[in-house]
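Beneath this line is the structure, given in structure tokens, with notes to follow.
Below, read A as the first sequence line, B as the second, and so on, with proteins coming before strands; counting in each chain starts at 1. If you're wondering where the values come from, they're calculated on a predicted model, not measured in any experiment.
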Number of protein chains: 2
Amino acid sequence: MKNEKVLYREYLKSKNLKLTKPRCVILAAIFENHGHFNVDELYEQIREKHKNVSRATIYRTIPLLIESGMIRQSLRCESKDIYEHTYGNENHLHFICTNCGKIIETSFSKVADQIDKLAKNEGFEITEYSLAARGLCKKCKKKELKSEK
Amino acid sequence: MKNEKVLYREYLKSKNLKLTKPRCVILAAIFENHGHFNVDELYEQIREKHKNVSRATIYRTIPLLIESGMIRQSLRCESKDIYEHTYGNENHLHFICTNCGKIIETSFSKVADQIDKLAKNEGFEITEYSLAARGLCKKCKKKELKSEK
DNA sequence: AATTTTATTGAGAATGAATCTCAACTGCAT
DNA sequence: ATGCAGTTGAGATTCATTCTCAATAAAATT
């Protein structure tokens, strides 16, 4: 967490932006979290301790955090944007169960290698992967088999 | 195009739904198109010939076409959902230029193979891939290099 | 430390894509 | 042709996200 704050401060300075209280609170809340979050969840989480951070500020802060490379947009779920923090810089491939909503993360270095090759062919420079596959998770697949009979 | 209509009729029948004029017009418009479309574009395209098909009907028809397997949701761009028809069943990997909006499609069978392996590990059954990478296309990359000096 | 400059904030209004409502309408089976 | 669903267009509604603006706070300057 210390690390993130330092990076953030530097990023903001480089853009002539200010390290304000709300921005710190939001950063901390995100890194308290593990896994994915959307704006609503984040807002509720923050509200528990800080009654005076508005949704608008969260919405305004997210692009900064993305630009600075600390979080990334990962998916869309129930017509809400979902984000995740970037620990080192590992990207994920997401398996999203269309039945129960479960999200399974897998590392994907081999997949990325293939994609990088394809990108190179096109002269395309990738800054962000967005890889997902929808379908049924193990549990829901079993349920479906049962209910068919 | 004939083919699609037959498939569509069958799908609708199987669900006790009717093959109506607006549904036909929408189907035809989609298959006139090559590549991607969003609801607005489709609406404008249809409007040129048929003044009496509403946006609402397009929005209502799209889930049917997805369910029947004739189109799929492919991306999100400028906060609009984007769709594409499924010719055979080839999926694509999309490279989306964050500067000019260009979308480059590449086939991705090798990538899919890797992903299928990962899915198998998780006992996950994939019904739909959603693979994209954002970044800069060739042209925009060049421009950026120039403007930096 | 006080002042000036400039970015930032919260609150609520505005936007815009997608969904819903409902009375009028249309396929389609009989 | 008749009747029963399912369907439609138009506009209202929803809901995530963005914008506006006067009040405020952080950094820069003195």
Side-chain angles (χ1 to χ4, degrees), chain A residues 5-6 8-29 36-47 49-68 71 73-83, chain B residues 5-6 8-30 36-68 71-83 101:
Chain A
K5 202 158 174 181
V6 173
Y8 196 30
R9 164 171 271 138
E10 276 170 16
Y11 168 76
L12 291 172
K13 195 166 258 174
S14 78
K15 296 271 176 184
N16 278 324
L17 303 175
K18 292 169 184 171
L19 185 66
T20 62
K21 224 175 283 172
R23 296 220 252 241
C24 286
V25 169
I26 292 166
L27 181 73
H36 303 85
F37 65 94
N38 63 34
V39 169
D40 258 25
E41 287 162 11
L42 192 56
Y43 180 70
E44 290 308 330
Q45 186 193 337
I46 289 171
R47 270 277 146 151
K49 295 181 188 164
H50 306 271
K51 295 283 177 201
N52 46 351
V53 173
S54 73
R55 268 198 178 72
T57 300
I58 296 177
Y59 275 110
R60 282 186 288 232
T61 302
I62 282 174
L64 301 177
L65 291 166
I66 290 177
E67 258 256 339
S68 73
I71 68 174
Q73 187 168 351
S74 84
L75 300 162
R76 213 155 199 276
C77 215
E78 296 167 338
S79 53
K80 283 173 198 152
D81 288 330
I82 298 190
Y83 306 89
Chain B
K5 202 158 175 180
V6 173
Y8 196 29
R9 165 170 271 136
E10 276 171 15
Y11 168 77
L12 291 171
K13 195 167 257 173
S14 79
K15 295 273 176 182
N16 279 323
L17 303 175
K18 294 169 183 171
L19 185 66
T20 61
K21 223 175 286 172
R23 295 220 252 242
C24 285
V25 169
I26 291 167
L27 182 72
I30 287 172
H36 304 84
F37 65 93
N38 63 34
V39 170
D40 258 26
E41 285 161 12
L42 192 56
Y43 179 69
E44 291 307 331
Q45 186 192 336
I46 289 171
R47 270 278 146 150
E48 285 171 18
K49 296 182 189 164
H50 308 270
K51 294 283 177 201
N52 46 352
V53 172
S54 74
R55 268 199 177 71
T57 300
I58 296 177
Y59 276 112
R60 282 185 287 231
T61 301
I62 281 174
L64 301 178
L65 290 167
I66 291 177
E67 259 256 338
S68 73
I71 67 173
R72 69 167 75 92
Q73 186 168 351
S74 86
L75 300 161
R76 207 148 205 282
C77 215
E78 295 167 339
S79 52
K80 284 173 198 154
D81 288 330
I82 298 192
Y83 307 90

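When the nucleotides dA11(C), dT9(C), dG6(D) are ranked by their closest atom to the side chain of L17(B), dG6(D) comes out on top. Taking only side-chain atoms of T57(B), from C-beta outward, the nucleotide of dA27(D), dA11(C), dT8(D) with the closest atom is dT8(D). Listed nucleotides dA27(D), dG10(C), dT19(C) differ in distance to Y59(B); the shortest reach to its side chain belongs to dT19(C). Between dC20(C), dA29(C), dA16(D), one nucleotide has an atom nearer to the side chain of K80(A) than all others, and that is dA16(D). The side chain of K18(B) approaches dC28(C) more closely than any other nucleotide in the set dA27(D), dC28(C), dT8(D). Across dA29(C), dG9(D), dA27(D), the shortest atom-to-atom separation from the side chain of L19(A) is found for dA27(D). For P22(A), the side-chain atoms get nearest to dG10(C) when compared with the rest of dG10(C), dA18(C), dA10(D). Taking the side chain of S54(A) as heavy atoms from C-beta on, and the options dG9(D), dG10(C), dT17(D), the nearest nucleotide is dG10(C).
Atom C1' of nucleotide dT19(C) and atom CD1 of I62(B) are separated by 13 Å, given to the nearest angstrom. Distance L12(B) CG to dC28(C) C1': 13 Å, rounded to the nearest Å. Look at CG on L42(B): it is 15 Å from P on dA17(C), rounded to the nearest Å. Atom NZ in K13(A) sits about 8 Å away from atom P in dA27(D), given to the nearest Å. In this structure, Y8(A) atom OH and dA26(D) atom P are separated by 14 Å, rounded to whole Å. Between the OH atom of Y43(A) and the P atom of dT17(D) there is a distance of 15 Å, given to the nearest Å. Between the CD atom of Q73(A) and the C1' atom of dA16(D) there is a distance of 12 Å, given to the nearest Å. If you take CD of E78(A) and P of dT19(C), they are 13 Å apart, rounded to a whole angstrom.
For dT9(C), one of the phosphate oxygens OP1 or OP2 lies less than 4.0 angstrom from a side-chain nitrogen or oxygen of T20(A).
Nucleic acid contact class of D40(A) (heavy atoms, under 4.0 Å, all strands): none. Within the nucleic acid shown, N38(A) has no heavy atom closer than 4.0 Å to any nucleic acid atom.
A donor-acceptor pair is defined here as one N or O able to donate and one able to accept, closer than 3.5 Å; no such pair exists between the side chain of Q73(B) and the backbone of D81(B). For the pair T61(A) (side chain) and T57(A) (backbone), a donor-acceptor distance under 3.5 Å is present.
At a threshold of 4.5 Å between non-hydrogen side-chain atoms, the residues Y83(A) and I66(A) count as touching. The shortest distance between side-chain heavy atoms of N52(B) and H50(B) falls below 4.5 Å. Side-chain contact between E44(A) and D40(A): absent, with no pair of heavy atoms (C-beta onward) separated by less than 4.5 Å. Residues L42(A) and Q45(A) meet the side-chain proximity criterion, which asks for heavy atoms closer than 4.5 Å.
Side-chain N/O atoms of Y43(B) and R47(B) include a donor and acceptor closer than 3.5 Å.
In this structure, R76(A) places its CZ atom where more than 12 heavy-atom neighbours from other residues, nucleotides or ligands lie under 6.0 Å away.
Contact of R60(B) with dG9(D) (side chain to base): a donor-acceptor pair of N or O atoms is detected under 3.5 Å. Counting atom types as modelled, R55(A) pairs no side-chain N or O with a base atom of dG12(C) as donor and acceptor under 3.5 Å.
Each of L64(B) and K21(A) was matched to the nucleotide of DNA chain D holding its nearest heavy atom; the match closer to the 5' end belongs to L64(B). Each of R9(B) and D81(B) was matched to the nucleotide of DNA chain C holding its nearest heavy atom; the match closer to the 5' end belongs to D81(B).
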Read 5' to 3' with Watson-Crick or G-U pairs under 3.5 Å, [ ] for crossing pairs and | for partners on another strand, DNA chain C gives ||||||||||||||||||||||||||||||
